[in-house]
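Hydrogens, waters and symmetry mates are skipped; everything else that's a heavy atom, side chains included, is used. Proteins come first, then strands; the chains are lettered A, B, ... in the order of their sequence lines, and each starts at number 1.
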Amino acid sequence: MPELPEVETVRLTLLEGGLQGLVITGVRVAHPDAVHWPDPQRFRLELAGRRIEGIGRRGKFLLIDVGKRTLACHLRMTGRLWLSRPEEPELSHTHVVFDLSDGRELRFRDVRRFGGFTLLEPDGSMAPDLLERLGPEPTDLTGDEFAAGCLRHTRSPVKALLLDQTFVAGLGNIYADEALHRARVHPARTCGSLSKQEQRAIRRAMRAVLRDALSHRGTTFLDFRDGSGEPGAFQEFLDVYRREGLPCRRCGAPIAKSRIAGRGTHFCPLCQPEGG
DNA sequence: CCAGCAGCCTGTGCGC
DNA sequence: TGCGCACAGGCTGCTG
């Protein structure tokens, strides 16, 4: 489940791998589901011959600048995008391969086929759907914006707010749970019940856990790999996610798991009391 | 408008 | 040992 730190790690490792400046000499689409826009035929024609000018990120979207256009990629649950030598055997579920001018390939694989590519139109007509609805990056989220989000979703659990990409862009299930544990706020607390201090604590915890995760090149349980095919290491440092029954690193109480905001949710019943 | 949930998809791991 | 099913979750779209 690539979230902001994982997508940023992919971005950085693609840059380190020298993707910038290469020309896309060919595009092979093995599974049309992975190309969300336009149709695969036009997708190939529009991208062939284009030079990769830069690689950016917005929320969980990877944004590959190919000149007049931007190729947006979302990894969703199991997507991988990495630089590969052509002689390396093709993994199953490899849906799109970009041939590059230095002889290498940029490969996209996605077991669950949730992820894929959108080629943004030069007039920006595709961007409103994808990018303009996104909330601020977690580092840019202000206290006022946090308060406004709480006001708009007073009856929702705070976990749902952190997962709402129009509120803040980049958190997923892992880092929502981790941020709330660091902030000592129960994930089922309603947004309307949060004090100013709690809002501030969540905002700080969110930034801190994302920074720490990025410094360990993301979290890998099964699927995540960076732009050079390597796993991350932050799974060793998680406090609550996937630690049901294990002792809380802060107080020793067993970590609990329940279903909140429709998601498997991990928390410490002692550090994060339901009553607040 | 807001809140909650089905559905998309496939591999994994559990119970029987 | 093998089968069936629940589960994992980002996001869209539907419903109440």
Side-chain angles (χ1 to χ4, degrees), chain A residues 1-8 10 30-37 57-63 72-81 91-96 108-118 126-135 137-138 147-180 187-194 206 210 213 218-225 231-232 234-235 238 240-245 255-267:
Chain A
M1 36 236 98
E3 306 178 26
L4 191 152
E6 288 76 27
V7 179
E8 182 65 11
V10 171
H31 204 303
D33 278 6
V35 177
H36 299 156
W37 180 269
R57 180 192 58 76
R58 180 74 176 88
K60 300 175 197 171
F61 284 95
L62 203 63
L63 300 173
C73 177
H74 202 304
L75 304 173
R76 295 284 186 115
M77 303 293 305
T78 52
R80 289 190 199 175
L81 187 70
L91 293 176
S92 57
H93 307 287
T94 298
H95 303 318
V96 182
F108 175 77
R109 98 175 284 234
D110 187 2
V111 170
R112 282 181 222 177
R113 289 201 272 127
F114 282 9
F117 296 92
T118 302
M126 292 301 294
D129 281 348
L130 272 190
L131 303 178
E132 287 174 18
R133 287 169 50 197
L134 292 178
E137 293 288 312
C150 289
L151 223 55
R152 202 156 68 86
H153 299 282
T154 34
R155 295 166 55 81
S156 285
V158 61
K159 166 139 183 190
L161 184 68
L162 297 189
L163 293 175
D164 180 355
Q165 303 297 300
T166 69
F167 168 69
V168 63
L171 275 82
N173 209 36
I174 297 175
Y175 299 116
D177 283 2
E178 293 296 315
L180 289 170
R189 289 277 306 284
T190 61
C191 297
S193 76
L194 297 173
M206 196 173 68
L210 294 173
T219 299
T220 296
F221 280 111
L222 204 61
D223 291 289
F224 172 67
R225 294 292 186 279
F234 195 63
Q235 62 278 3
L238 295 173
V240 287
Y241 187 81
R242 281 235 194 161
R243 294 195 68 244
E244 183 185 11
I255 298 301
K257 183 181 180 186
S258 70
R259 206 160 184 84
I260 296 168
R263 296 280 170 257
T265 301
H266 312 72
F267 58 95

Expressed as a whole number of angstroms, how long is the span from A/Leu75:CG to C/dC11:C1'?
14 Å
To the nearest angstrom, how far is A/His153 atom NE2 from B/dC1 atom C1'?
10 Å
Would A/Phe114 pass as stacked on C/dC11, i.e. its ring centre under 5.5 Å from the base's six-membered ring centre and planes under 30° apart?
no
Passes side-chain hydrogen bond (donor to acceptor under 3.5 Å, both in side chains), A/Arg113 versus A/Thr78? Steps please.
CA-CA 8 Å; A/Arg113 289 201 272 127; A/Thr78 52; over 6 Å; no
Compute whether any side-chain donor of one residue and acceptor of the other, for A/Thr265 and A/Lys159, lie under 3.5 angstrom apart.
yes
Check whether the side chain of A/Arg263 and the base of C/dG10 form a donor-acceptor pair under 3.5 Å.
yes
Closest approach to the side chain of A/Ser156, judged atom by atom: which nucleotide of C/dG10, B/dC2, B/dA3 is it?
B/dA3
Nearest nucleotide by nearest heavy atom, which residue falls closer to the 5' end of DNA chain B, A/Val111 or A/Arg155?
A/Arg155
Give the rounded distance in Å between these two atoms: CG of A/Asp164 and P of B/dA3.
10 Å
State whether the side chain of A/Gln165 and the backbone N or O of A/Leu163 hold a donor-acceptor pair below 3.5 Å, judged by distance alone.
yes
Under 4.0 Å, heavy atoms only, any strand: does A/Thr78 hit a base, just the sugar-phosphate, or nothing?
nothing
Between the first and last five pairs of the helix from B/dC2-C/dG16 to B/dC16-C/dG2, the angle of the axes, rounded to 10 degrees:
70°
Which comes earlier along DNA chain B counting from the 5' end, the contact point of A/Pro157 or that of A/Leu222, where each point is its nearest nucleotide?
A/Pro157
Please classify the nucleic acid contact of A/Lys257 as base, sugar-phosphate, or nothing, using heavy-atom distances under 4.0 Å.
sugar-phosphate
Ring centers of A/Tyr241, A/Phe221 separated by less than 6.0 Å
yes
What is the distance from CG of A/Asp110 to C1' of B/dC9, rounded to the nearest Å?
9 Å
Quick check: does any side chain N or O of A/Arg80 sit under 3.5 Å from a backbone N or O of A/Asp223, one acting as donor and the other as acceptor?
yes
Checking B/dT12, B/dT10, B/dG4 against the side chain of A/His93 (C-beta onward), the nearest is B/dT10
So what does A/Gly115 hit on the nucleic acid, given a heavy-atom distance under 4.0 Å: a base, only sugar-phosphate, or nothing?
nothing
In whole angstrom, give the distance that lies between atom CZ of A/Arg58 and atom C1' of C/dG10.
16 Å
When you check the phosphate oxygens OP1 and OP2 of B/dG11, does a side-chain N or O of A/Arg112 lie under 4.0 Å from one of them?
no
Distance col, row A/Tyr175:OH vs A/Leu210:CG, nearest 0.5 angstrom, shows 7.5 Å
Any base atoms under 4.0 Å from A/Arg76, or only sugar-phosphate, or nothing? Heavy atoms, all strands.
base
How many whole angstroms separate atom CG of A/Leu161 from atom P of B/dC2?
12 Å
Heavy atoms only, 4.0 Å cut-off, all strands: where does A/Met1 land among base, sugar-phosphate and nothing?
sugar-phosphate
If I take atom CG in residue A/Leu162 and atom P in nucleotide C/dC11, what distance separates them, rounded to the nearest angstrom?
14 Å
For C/dC11, does OP1 or OP2 lie under 4.0 Å from any side-chain N or O of A/Gln165?
yes
Any side-chain N or O of A/His74 less than 4.0 Å from the OP1 or OP2 oxygen of C/dG10?
no
Which part of the nucleic acid, if any, lies within contact of A/Arg259, taking any heavy atom under 4.0 Å across all strands shown: a base, the sugar-phosphate backbone alone, or nothing?
sugar-phosphate
Over 60° means perpendicular and under 30° means parallel, so classify the ring planes of A/His95 and A/Phe108, tilted if in between.
tilted
I need the CG-P distance between A/Asp33 and C/dC11, as an integer number of Å.
18 Å
Between A/Asp164 and A/Val168, is there a donor-acceptor pair closer than 3.5 Å when you use the side chain of the first and the backbone of the second?
no
C/dG9 phosphate, OP1 or OP2, under 4.0 Å from A/Tyr241 side-chain N/O:
yes
Mark yes or no for whether A/Lys60, through its side chain, and A/Leu171, through its backbone, hold a donor-acceptor pair below 3.5 Å.
yes
I want to verify a distance call: between B/dT10, C/dG9, B/dC2, whose nearest atom is closest to the A/Arg152 side chain?
B/dC2
Is the phosphate of C/dC11 approached by A/Arg113 (side-chain N or O, under 4.0 Å from OP1 or OP2)?
no
